[in-house]
Amino acid sequence: MKLILLIGALFSMVMAATFHEKKTIGVEESISQFRMDSKVFASSILNLENALQNLDSYRPETIKRAKEKLISSRMAYKKIEYLLEYFFYTSSRVYNKAPKNEIEEPFLEYQELAGLQYLETLLFDSLPERHKPIFKEQTKLLRTASADLNSLLYDFQGTDEQILESVRIELIRVITLGIAGFDAPSLKSGIPESAIAVQSMHKTLKPYLTKSKFAADSVDLYLQKTSAYLQANPDFDSFNRLEFLTNCALPLQKYLGKMIRANGLEVNKYGILHYGADHMFSPNAFQKTSFPGSNRDASAKEILLGEKLFSENTLSGNGTKSCVSCHNPGNYFSDGLSKSKSFDRITSVKRNAPTLLYSGLQHSQFWDGRVKSLEEQIEAVIKDPREMHGNMSVSLAKINGDKMYRKAFRTAFSKKRSEPVSEQEVYRAIASYIRTLNPYSSAFDKYLGGNKTALTDNQKAGFNLFMGKAQCGTCHFAPLFNGLIPPFYSLTEFEVLGTTKTEDLVNPEYDTDEGRFVFRPIKFYKGAFKTPTVRNSANTGPYMHNGAFNSLESLMEFYNQGGGAGLGLDFPTQTLSTGKLNLTDTEKMQIIKFLDSLTDDLKIL
């Protein structure tokens, strides 16, 4: 009997071990590593705290030491970032959130400035020691929180699928934010930090590489190449981002995805990225149905109907205007005016008409983000007295009286012959058409698709500047180069640039448009606008919400000077850095050449 029980117990142990092994290939190792690395991070905060309290501008070595200790803390954080920000996102906000006032919508909860990025901003002040009370408060907060990091692991229920997704998201973070210097624009430590993050990823992936029967060698190879490239080229300004992406990071992303998929370990927490894509810059990198209003696949007939309605003057109050009036396909779906003509053809509307290309791939519409979906935006524009001034009752009567339209709607929406066309179906059809306007056919896209002759040397240099020294990529995020925020891409960003009334930067004037503040009266939203894509920007001027800048050259100089506040205007809530970029004329020219490489070939639409 004892022998039977013993055999039974051994069998249960073996089965449990087999189940455990199958279900948790690398979870225990990841948690064990996190425990050790979190202690190193907590210890680094103590050293940083001491250095910040010893600041003295008359002793430059104290400032240098404080910056070095801040970099050390940042490097230590990068070892735990992948796991902390994936599994404990809310708790992670105290450590490394952007140094600007954030409003958590839809509840409008205000988040105070906090964390390592905030410390960097204060440390680079002309007299950093005057911030000692804030340094003391902030480092105490960080010290207390970091000492308690391991408590987050109590009853941890993470899976291998989630661990692997946290790693692939960290790689996206490196590709889009790390090498762009988003976390540390003044320290310029983004490249060494990215190297640490990749090394941490490699440690985490080792158990999976050992057990995987597909693509493991390729993943291991590109992990080594990615890490080695980052370590060999630590200088932020001279780092060749294009070479790094094409030869290291993007192939790593491709093979990591293949390995995860082949082993049946894929999970998609946010559902916005399409993990079947090779990499971030692939045309199918996003799941289009994950954005507001697009939770379904439109049929080809619905899209064709939407394209016809896009040019339909019947939708306007006087039968002379359509969507094309302000978003002309022949002008890259813009109109070339500072501000579009109003319904009366005499006055102008309030703001510039941006391109509709890639507009379906964002979480807010209009410059101020006052609606979420394209359907809502289309309805608002049609009914706006200054825009199309449409009367949908009249328009629907005309559409329902047209046999061709009735048939088209019936086919597109599987309607019964007797059912009339509805208002919402009109908006849905037009929105479905607009959601197809994602050509990804520019020279830049072709280069990343494998055509190594698609870009000129100046365009390559311009991309490296855009994503590096010029800091454009810290607001115009890759791959869409708009305000869709990586690595989760679940929010669209709004920025206060201090935009001037005109492009006269010698005598700058305030622009009176309060932006998002008009319908969200929170002081941090005063002058805040959505960050538009710079794809096709070479052909969609004038620029900014007010169309104040007629050329990319004048726009580049505005950013080079640090926005409105950098020009001397009083913009206390400006989110754009007020520091001068010190770009040379050659560098500005190269960035503009890169922007030109983002011009799509619209013949494919």
Side-chain angles (χ1 to χ4, degrees), residues 30 74 77-93 95-98 100 102 104 115-117 158 161-185 190-191 193-202 204-205 222-223 226 230 241 244-245 248-257 260 266-282 284-287 290-291 361-363 448 467 471-493 531 533:
S30 297
R74 291 200 52 79
Y77 181 79
K78 288 295 169 177
K79 292 183 179 181
I80 61 174
E81 179 180 53
Y82 77 98
L83 193 144
L84 182 63
E85 298 208 16
Y86 180 86
F87 289 99
F88 311 107
Y89 182 76
T90 301
S91 298
S92 74
R93 295 300 78 202
Y95 303 106
N96 196 39
K97 68 186 289 288
K100 62 181 183 180
E102 294 183 345
E104 288 293 324
L116 298 173
Q117 294 186 50
E161 289 87 345
Q162 292 172 320
I163 292 290
L164 287 168
E165 187 177 31
S166 73
V167 169
R168 77 194 308 173
I169 286 175
E170 183 67 12
L171 178 57
I172 293 168
R173 191 177 279 115
V174 167
I175 290 170
T176 58
L177 301 177
I179 63 173
F182 179 84
D183 289 5
I191 309 305
E193 288 181 26
S194 296
I196 289 290
V198 172
Q199 290 166 26
S200 186
M201 290 162 52
H202 203 168
T204 301
L205 288 171
Y222 282 108
L223 276 166
T226 301
L230 290 164
R241 290 157 178 84
F244 169 72
L245 290 176
C248 304
L250 297 185
L252 171 57
Q253 188 179 25
K254 173 182 176 179
Y255 286 108
L256 178 60
I260 292 172
E266 192 157 84
V267 66
N268 197 329
K269 180 178 180 180
Y270 292 91
I272 294 172
L273 291 165
H274 176 225
Y275 289 148
D278 279 350
H279 54 70
M280 285 311 305
F281 292 91
S282 297
N284 60 337
F286 294 99
Q287 301 196 78
S290 296
F291 293 90
L361 303 177
Q362 51 192 0
H363 297 284
L448 290 186
M467 292 291 287
Q471 299 179 12
C472 311
T474 62
C475 290
H476 294 277
F477 302 111
L480 296 176
F481 303 110
N482 66 359
L484 195 61
I485 308 173
F488 306 120
Y489 296 101
S490 56
L491 291 171
T492 293
E493 187 170 64
T531 303
T533 182

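Predicted model only: the values in this text are computed from it and were never measured.
Taking the side chain as every heavy atom from C-beta outward, L164 and L205 approach each other to under 4.5 Å. Here the side chains of L361 and T533 are not in contact, with every heavy-atom distance at 4.5 Å or above.
Here the straight-line distance linking atom CZ of F477 with atom CD of E493 works out to 4.0 Å at 0.5 Å rounding. The CD atom of E85 sits 6.0 Å away from atom CG of N96, with the distance rounded to the nearest 0.5 Å. Here the OH-CD distance, from Y222 to Q253, works out to 13.5 Å after rounding to the nearest 0.5 Å. Rounded to the nearest 0.5 angstrom, Y77 OH and S200 OG are separated by 12.0 Å. Taken from OH in Y270 to CG in N268, the straight-line distance is 10.5 Å, to the nearest 0.5 Å. In this structure, CZ on F281 lies 7.5 Å from CD1 on I175, to the nearest 0.5 angstrom.
Considering all non-hydrogen atoms of both residues, P479 and M280 come closest at CG-O, 3.2 Å. Residues L245 and P251 come closest through the heavy atom pair O-CD, 3.4 Å. When every heavy atom of V198 is checked against every heavy atom of L223, the shortest pair comes out as CG1-O, 4.0 Å. For I191 against L230, the heavy-atom pair with the smallest separation is CG2-O, 3.6 Å. The minimum heavy-atom distance linking T176 with M467 is given by the pair O-CE, 4.1 Å.
Q287 contributes no side-chain N or O that, together with a main-chain N or O of H274, makes up a donor-acceptor pair within less than 3.5 Å. When atom types are taken as modelled, the side chain of S290 and the backbone of G271 share a donor-acceptor pair closer than 3.5 angstrom. S282 contributes a side-chain N or O that, together with a main-chain N or O of H279, makes up a donor-acceptor pair within less than 3.5 Å. Although no hydrogens or angles enter the test, the distance criterion places no donor-acceptor pair under 3.5 Å between the side chain of E170 and the main chain of M201.
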Return all side-chain donor-acceptor pairs below 3.5 angstrom for residues 482-490, not counting sequence neighbours, or 'none' if the list is empty.
residue: N482; atom: OD1; partner: L484; partner atom: N; Å: 3.0
residue: Y489; atom: OH; partner: A478; partner atom: O; Å: 2.9

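Considering only residues two or more places apart in sequence or on other chains, I196 meets the side chain to side chain contact (heavy atoms under 4.5 Å, CB included) condition with M75, K78, K79, Q199. The side chain to side chain contact (heavy atoms under 4.5 Å, CB included) test applied to T204 returns S30, Y82, I163, V167, not counting sequence neighbours. With sequence neighbours left out, T474 forms a side chain to side chain contact (heavy atoms under 4.5 Å, CB included) with A180, F182, Q471. Y95 pairs by the side-chain hydrogen bond (donor to acceptor under 3.5 Å, both in side chains) definition with nothing, not counting sequence neighbours. By the ring pair (Phe, Tyr, Trp, His ring centres under 6.0 Å) test, H363 is found to be paired with F291, residues two or more places apart in sequence or in another chain being considered.
Each of E165, R168, E266 was checked for a side chain to side chain donor-acceptor pair (under 3.5 Å) with Y275, and the lone residue meeting it is E165. With D183 as the fixed residue, the salt bridge (Lys or Arg N to Asp or Glu O under 4.0 Å) test singles out one of R173, R74, K97: R74.
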